[in-house]
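Report on the structure given below.
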Amino acid sequence: MKKADFPYTGFWTSWFFEDPTAIEYEQYLIDRIASPQICEDIKQVLLILKKYELLIPTYVQDRPRGKFEIKADNVEDFVAELAALIKQQKIDTEIEIGGYGVVYDENNEPLIQEDLIGVAIRFFQRQVVISTTKGIWVPISIAKNHDLDWQIELARNNCYRLEACLREIHAALGMQMSPDEEEIDRDNPIWIKGFRPYINPSILISQYKHRPLSQPFNFSEFLLEQYPMKETNILQSFGDTEWPITATNSSTHN
């Protein structure tokens, strides 16, 4: 399988799953004994992420202490090695789990992407954070160097898989999610609502205005439901109806 190197967006897009009632985790700050539930949560999350090909774990990182490569044939063996590192106190307090995932390109061909998805865990709090710094989930590429390009098919081939994966993780953990399902997180160019990332609508409209595409494109597929669905209303809502009304779609990723 070929390797990909999709650009760094310049920010994290993250979903937080946490159980604020699990105050017993705070005992870790006193006795440095991690709850066994930590590894159970990690196993559940990694099994689901692997099922959707979003994360095949290969390492754990404790930022003050460094990165620990873990060679394992399956999630269960990875978590067993991780549990041993925790017991030996080689990793401490907060960790990040990473590896590689599969991205399906515009032709639906699989590519390997390092650090597609990351998982962060705290030992003193029952919390799991799922994060990505890639922008493949939305129809316009977002890069730290501010380059913008259309990637409609790339988004279609990946965003619904991420959404389904996060929904399954939420159900498996039974914890609160932040942002919650009805909240819109507008902190970055990629917004979050529920289990789905969305492009900031002003970026989508601006990109369409200045770089129109060649094939029919349905705005409503990539706009939050709170925004108008019809192209005419969308354009009016952004104060500009002089440019073409028929949205269009084509996309390539170099």
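Only heavy atoms go into these numbers, but all of them, side chains included; no hydrogens, no water, no symmetry mates.
Taking the six-membered ring where tryptophan is involved, the planes of Tyr28 and Phe123 are perpendicular, since the angle between them exceeds 60° and thus also 30°. Ring geometry for His170 against Phe195 counts as tilted: the plane angle lies between 30° and 60°, on a 0 to 90° scale.
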### Task
Quick one: do Phe6 and Leu154 satisfy side-chain contact (heavy atoms from CB on, under 4.5 Å)? Show the steps, please.
CA-CA 11 Å; Phe6 290 93; Leu154 184 68; 3.6 Å; yes
### Task
Under the side-chain contact (heavy atoms from CB on, under 4.5 Å) rule, what do Val75 and Lys43 come out as? Steps first, then yes or no, please.
CA-CA 7 Å; Val75 166; Lys43 183 169 76 171; 4.2 Å; yes
### Message
Quick one, Thr13 with Thr133, criterion side-chain contact (heavy atoms from CB on, under 4.5 Å). Give me CA distance, side-chain angles, the key distance, then yes/no.
### Response
CA-CA 6 Å; Thr13 304; Thr133 60; over 6 Å; no
### Task
Step by step, work out the salt bridge (Lys or Arg N to Asp or Glu O under 4.0 Å) result for Lys134 and Asp115.
CA-CA 9 Å; Lys134 302 301 180 182; Asp115 295 318; over 6 Å; no
### Message
Working note: Ile48 + Cys165, criterion side-chain contact (heavy atoms from CB on, under 4.5 Å); need CA distance, chi angles, decisive distance, verdict.
### Response
CA-CA 7 Å; Ile48 297 169; Cys165 178; 3.9 Å; yes
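Heavy atoms of other residues, nucleotides or ligands lying less than 6.0 angstrom from CD1 of Ile23 number 12 at most. Sparse packing is recorded around CG of Asp73, with 12 or fewer heavy atoms of other residues, nucleotides or ligands lying under 6.0 Å away.
Of the inter-residue distances, the one linking Ile130 atom CD1 with Phe17 atom CZ reads 6.0 Å to the nearest 0.5 angstrom. The distance from the CD1 atom of Ile169 to the CG atom of Leu47 is 10.5 Å, given to the nearest 0.5 Å. The distance from the CD atom of Gln151 to the CG atom of Asn157 is 11.0 Å, given to the nearest 0.5 Å. The CG atom of Leu148 sits 8.0 Å away from atom OG of Ser206, with the distance rounded to the nearest 0.5 Å. Distance check: Arg32 CZ to Asp92 CG gives 4.5 Å after rounding to the nearest 0.5 Å. Taking CD1 of Ile199 as the start and CD1 of Ile190 as the end, the distance is 6.0 Å to the nearest 0.5 Å.
For the pair Lys67 and Tyr59, the distance from NZ or CZ to the six-membered ring centre is under 6.0 Å and the angle to the ring normal is within 45 degrees.
No side-chain heavy atom of Ile95 sits under 4.5 Å from any side-chain heavy atom of Leu85. Side-chain atoms of Tyr198 and Leu204, non-hydrogen and from C-beta on, never get closer than 4.5 Å to each other. By the 4.5 Å heavy-atom criterion applied to side chains, Phe222 and Val138 are not counted as neighbours. A heavy-atom distance below 4.5 Å is not found between the side chains of Gln113 and Ile136. The shortest distance between side-chain heavy atoms of Val129 and Arg122 does not fall below 4.5 Å.
In this structure a side-chain-to-backbone donor-acceptor pair under 3.5 Å is missing from Ser131 to Gly118. The main-chain N or O of Leu116 is found under 3.5 Å from a side-chain atom of Thr132 such that the two form a donor-acceptor pair. Judged by distance alone, the side chain of Trp191 and the main-chain N or O of Pro201 form no donor-acceptor pair under 3.5 Å. With Asn107 contributing its side chain and Glu109 its backbone, the two residues share no donor-acceptor pair below 3.5 Å. The main-chain N or O of Tyr104 is found under 3.5 Å from a side-chain atom of Asn158 such that the two form a donor-acceptor pair. Trp15 places a side-chain N or O within donor-acceptor distance of the main-chain N or O of Gly194, the cut-off being under 3.5 Å.
For Asp62 and Lys90, the salt-bridge test fails: no basic side-chain N is under 4.0 Å from an acidic carboxylate O. Using a 4.0 Å cut-off between charged nitrogen and carboxylate oxygen, Arg63 and Glu94 do not count as a salt-bridge pair. With respect to the salt-bridge test (charged N to carboxylate O, under 4.0 angstrom), the residues Lys51 and Glu168 qualify. Classification of Glu181 and Lys193 as a salt-bridged pair fails, no side-chain N sitting under 4.0 Å from a carboxylate O.
Of the candidates Ile56, Ile97, Thr58, Ile97 is the only one forming a side-chain contact (heavy atoms from CB on, under 4.5 Å) with Phe78.
Taking every heavy atom of both residues into account, Leu55 and Gly99 meet most closely at CD1-N, 3.5 Å. Between Arg161 and Val102, the shortest heavy-atom contact is NH2-O, 2.7 Å. Closest of all the heavy-atom pairs between Ile140 and Gln207 is CD1-CB, 3.4 Å. Taking each heavy atom of Ser14 and Ile192 in turn, the nearest pair found is O-CD1, 3.3 Å. Of all non-hydrogen atoms in Leu49 and Val119, the two that sit nearest each other are CD1-CG2, 3.5 Å. Taking each heavy atom of Pro212 and His210 in turn, the nearest pair found is CD-C, 3.5 Å.
Neither side chain, Tyr25 nor Gln127, offers a donor N or O lying under 3.5 Å from an acceptor on the other. Using a 3.5 Å distance cut-off with no hydrogens or angles, the side chains of Asp180 and Gln176 do not pair a donor with an acceptor.
Put simply, Leu111 and Leu162 are part of the same group of oily side chains (I, L, V, M, F, W, Y) that touch within less than 4.5 Å, one to the next. In the hydrophobic clustering of ILVMFWY residues, with side-chain heavy atoms under 4.5 Å counting as a link, Ile112 and Val103 come out apart. When hydrophobic clusters are built by joining Ile, Leu, Val, Met, Phe, Trp and Tyr residues whose side-chain heavy atoms come closer than 4.5 Å, directly or via intermediates, Phe68 is not grouped with Tyr100.
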